[in-house]
> 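This is the structure I have questions about; it appears just below.
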Amino acid sequence: MARPFFRWTAAAACTIAAVATIAAAPAQAADHEQTRTLLEQYQEAAGPGAALYAGDDSGAWTIGSGSATITANRPITATDHFRIASQTKTFTAAVVLQLFDEGLVDLDAPIEQYLPGVVDNARYDGGAITVRQILQQTSGIARDVTGARANPDGTFDLPELVRAGLAHPPQFAPGTGWGYSNVNYLIAGMLIEHFTGQSVGEAITARIIEPLGLADTSFPAIGDQSVASPYVPGYVGGRIGSFFFWYDNTFGYEMSSVSSAGAMTSTLADQSAFQLALAGGEVVSPEALAEMRGTAAVPPESGWAGYGLGLIHLSLSCGGDAWGHSGDLATGHSSVTMVTDDGRFASMMTNSNSQVAGSPTRYEVVDAALCEEASA
């Protein structure tokens with residue numbers, strides 16, 4: 001678990017001094033001025049550090065602000081591992097769309113047809129909720145899981161997570177609105193397990209991670225809280241004026257509790273490679289990709305143009321579209337990866353999931369990077 005928030009000791013004083021020094025650290029590149037300025041402004045309101053990895057098929061560049069850790073002034077790199085949280089959802093959706101390509105899943109079939117009795121209680125009727133609605137976040141299913149019963153070793157099983165999630169009231173009637181839901185993607189994980197006979201992590205590994213050669217990407221086994229080295233710690237805490245009191249929570253979260261909704265670990269470089277491969281037709285068929293890009297309207301405050309099947313759609317300020325996903329986790333990691341059909345990519349992360357209203361959003365930072373590439 002995370003250490004207590006405020007502990008006024010000599011060690012805490014050292015941490016405060018370290019944070020003040022790290023916050024003043026310059027970005028790593030002398031060019032990409034607009035993107036760098038936005039990233040620095042974002043980082044001032046985010047974690048101890050932030051980094052962006054961007055480019056196109058002619059090359060890549062990395063800029064950073066702050067530090068990967070509070071104990072040493074080290075820039076975050078494109079090959080540092082971190083918990084990608086809800087970026088996992090695109091992997092989960094892509095496997096379901098592979099099952100669609102294989103003729104096993106009808107996106108407009110009710111989930112009851114494939115998982116009888118799973119989405120079936122006094123609050124929910126699985127016969128009225130389709131696979132598409134689950135992946136598109138238009139099912140109305142409750143957002144989060146609370147009250148799930150842990151196994152004796154503190155881990156969680158998918159069916160129990162889904163049961164606990166479905167004990168909460170719906171956000172709206174199926175198909176009548178849009179509401180983000182982690183429970184939707186836990187149900188999608190069960191769907192994958194039903195058809196593949198593998199755990200969802202094994203299926204994602206065999207179907208996506210290994211074929212694409214994403215050597216720095218992994219779906220943890222149940223109970224595995226490790227992160228491969230080098231890694232970026234995640235921090236939680238609270239801001240007081242210009243200081244932030246950071247507490248390392250990298251290993252304070254049981255990843256099986258988010259499973260197919262957010263358990264994976266990766267790097268900025270691997271996330272860019274995955275999203276480029278998906279957009280380039282290397283993961284699902286063109287028909288399936290078109291289905292993934294069929295979006296629902298989302299609240300304006302999201303900053304998105306729409307939400308598809310495990311894909312966020314951004315309308316770029318320079319014109320055109322970008323596709324990808326973002327992620328936030330209580331471990332203290334926040335990230336986003338977006339790509340365009342002409343091969344531009346931008347992936348960024350910060351080592352806290354704290355953000356201050358009024359600062360640039362991560363979407364504005366990746367928009368700047370993608371538009372800078374378009375004008376290069």
> Is there any ring pair (Phe, Tyr, Trp, His ring centres under 6.0 Å) pair reaching into residues 195-223, and which pairs are they, with sequence neighbours excluded?
Tyr114-Phe195

> Can you list everything that forms a side chain to side chain contact (heavy atoms under 4.5 Å, CB included) with Thr37? Sequence neighbours excluded, please.
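With sequence neighbours excluded, Thr37 shows a side chain to side chain contact (heavy atoms under 4.5 Å, CB included) to Gln41, given in chain and number order.
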
> List the residues meeting ring-ring contact (aromatic ring centres under 6.0 Å, His included) with Phe156, not counting sequence neighbours, and say none if there are none.
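Testing Phe156 for ring-ring contact (aromatic ring centres under 6.0 Å, His included), a comparison that skips the adjacent residues, returns none.
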
> Within the structure provided, determine whether Val131 and Asp106 are in side-chain contact (heavy-atom separation under 4.5 Å).
no

> With sequence neighbours left out, write down each residue that passes side chain to side chain contact (heavy atoms under 4.5 Å, CB included) with Ser285, or none if nothing qualifies.
Asp101, Glu287, Ala288

> Enumerate the ring pair (Phe, Tyr, Trp, His ring centres under 6.0 Å) contacts for residues 56-107, please, sequence neighbours excluded, ordered by first and then second residue.
His32-Trp61, Phe91-Phe274

> Kindly give the heavy-atom pair with the smallest separation between Ala368 and Leu38, and that separation in Å.
CB-CD1, 3.6 Å

> Is there side-chain contact between Ser272 and Val339, with at least one heavy-atom pair below 4.5 Å?
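The answer is no; the side chains never approach within 4.5 Å.
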
> By ring-ring contact (aromatic ring centres under 6.0 Å, His included), which residues pair with Tyr180, not counting sequence neighbours?
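Expected list: none.
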
> In Å and rounded to the nearest 0.5 Å, what is the CE to CH2 distance from Met338 to Trp323?
8.5 Å

> Among side-chain atoms of Thr35 and Glu372, is any donor-acceptor pair under 3.5 angstrom?
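On atom types as modelled, these side chains qualify, holding a pair under 3.5 Å.
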
> Among residues at least two apart in sequence or on other chains, which ones pass ring-ring contact (aromatic ring centres under 6.0 Å, His included) with Tyr185?
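By the ring-ring contact (aromatic ring centres under 6.0 Å, His included) rule, Tyr185 matches no residue at all.
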
> Can a donor-acceptor pair be found, under 3.5 Å and without considering hydrogens, that links the side chain of Asn353 to the backbone of Asp328?
no

> Between atom CG of Leu268 and atom CD1 of Ile84, what is the distance when rounded to the nearest 0.5 Å?
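Output value for this atom pair is 10.5 Å.
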
> Nearest 0.5 Å please: distance from the CG atom of Leu276 over to the CG atom of Asp341.
10.0 Å

> Taking atom OG1 of Thr90 and atom CG of Leu311, what is their separation to the nearest 0.5 Å?
5.0 Å

> Side chain of Thr92, backbone of Ser260: donor and acceptor closer than 3.5 Å?
yes

> How many angstroms lie between CG in Leu329 and OG1 in Thr250, if you round to the nearest 0.5 Å?
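Atom-to-atom, Leu329:CG and Thr250:OG1 are 10.5 Å apart.
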
> Indicate whether the side chain of Glu40 and that of Ser65 have a donor and an acceptor atom separated by less than 3.5 Å.
no

> Checking Ser181 side chain against Ala142 main chain: does a donor-acceptor pair fall under 3.5 Å?
yes

> Is the backbone of Ile70 close enough, under 3.5 Å, to the side chain of Ser67 for a donor and an acceptor to pair up by distance?
no

> Can any side-chain N or O of Arg344 pair as donor or acceptor with the backbone N or O of Leu370 at less than 3.5 Å?
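Between the backbone of Leu370 and the side chain of Arg344 there is a qualifying donor-acceptor contact (under 3.5 Å).
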
> Enter the distance from Ser259:OG to Asp157:CG here, rounded to the nearest 0.5 Å.
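Rounded to the nearest 0.5 Å, the OG-CG separation comes to 9.5 Å.
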
> So do the side chains of Met348 and Tyr42 get within less than 4.5 Å of each other, counting heavy atoms only?
yes

> Which residues pass the ring-ring contact (aromatic ring centres under 6.0 Å, His included) test with Phe345, not counting sequence neighbours?
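For Phe345 the ring-ring contact (aromatic ring centres under 6.0 Å, His included) partners, ignoring immediate neighbours, are Tyr53.
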
> Between Arg362 (side chain only) and Ser335 (backbone N and O only), is there a donor and an acceptor less than 3.5 Å apart?
yes

> Under the 3.5 angstrom rule, does the side chain of Asn151 hit a backbone N or O of Asp153 as a donor-acceptor pair?
no

> Any non-hydrogen side-chain atom of Val96 less than 4.5 Å from a side-chain atom of Ile192?
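A side-chain contact under 4.5 Å exists here.
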
> Whether the Gln87 and Ser266 side chains hold a donor-acceptor pair (N or O, under 3.5 Å, no angle test) is what I'd like checked.
no

> Where do Asp144 and His168 come nearest, in terms of heavy atoms and distance?
O-CD2, 3.8 Å

> By salt bridge (Lys or Arg N to Asp or Glu O under 4.0 Å), which residues pair with Asp321, not counting sequence neighbours?
none

> For Arg132, is there any backbone N or O sitting under 3.5 Å from a side-chain donor or acceptor partner on Glu291?
no

> Are the side chain of Trp246 and the backbone N or O of Thr69 linked by a donor-acceptor pair below 3.5 Å?
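It does not hold such a pair.
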
> Using modelled atom types only, decide if a donor and an acceptor are shared between the side chain of Asn351 and the backbone of Ala68 within a distance under 3.5 Å.
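Looks like yes, one N/O pair under 3.5 Å.
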
> Compute whether any side-chain donor of one residue and acceptor of the other, for Tyr307 and His325, lie under 3.5 angstrom apart.
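The criterion, which ignores hydrogens and geometry beyond distance, is satisfied for His325 and Tyr307.
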
> Less than 4.5 Å apart, any side-chain heavy atom of Arg143 and any of Gln137?
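Answer no - side chains too far apart.
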
> Are Ile222 and Tyr253 connected, step by step, through hydrophobic side chains (Ile, Leu, Val, Met, Phe, Trp, Tyr) whose heavy atoms are closer than 4.5 Å?
no

> Spell out, yes or no, whether Ile187 and Leu104 are grouped together once hydrophobic residues are joined by side-chain heavy atoms under 4.5 Å, including indirect joins.
yes

> Just grab all the salt bridge (charged side-chain N to carboxylate O under 4.0 Å, His left out) pairs involving residues 159-187, residues at least two apart or on different chains.
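As it turns out, the salt bridge (charged side-chain N to carboxylate O under 4.0 Å, His left out) pairs with a partner in residues 159-187, which skip direct neighbours, are Arg149-Glu160, Glu160-Arg163.
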
> Could you name each residue pair satisfying side chain to side chain donor-acceptor pair (under 3.5 Å) that touches residues 190-199, not counting sequence neighbours?
Ser199-Glu202

> I need the full list of side chain to side chain donor-acceptor pair (under 3.5 Å) pairs touching residues 294-306, with sequence neighbours left out, sorted by first then second residue.
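Non-adjacent pairs meeting side chain to side chain donor-acceptor pair (under 3.5 Å): Trp304-Tyr363.
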
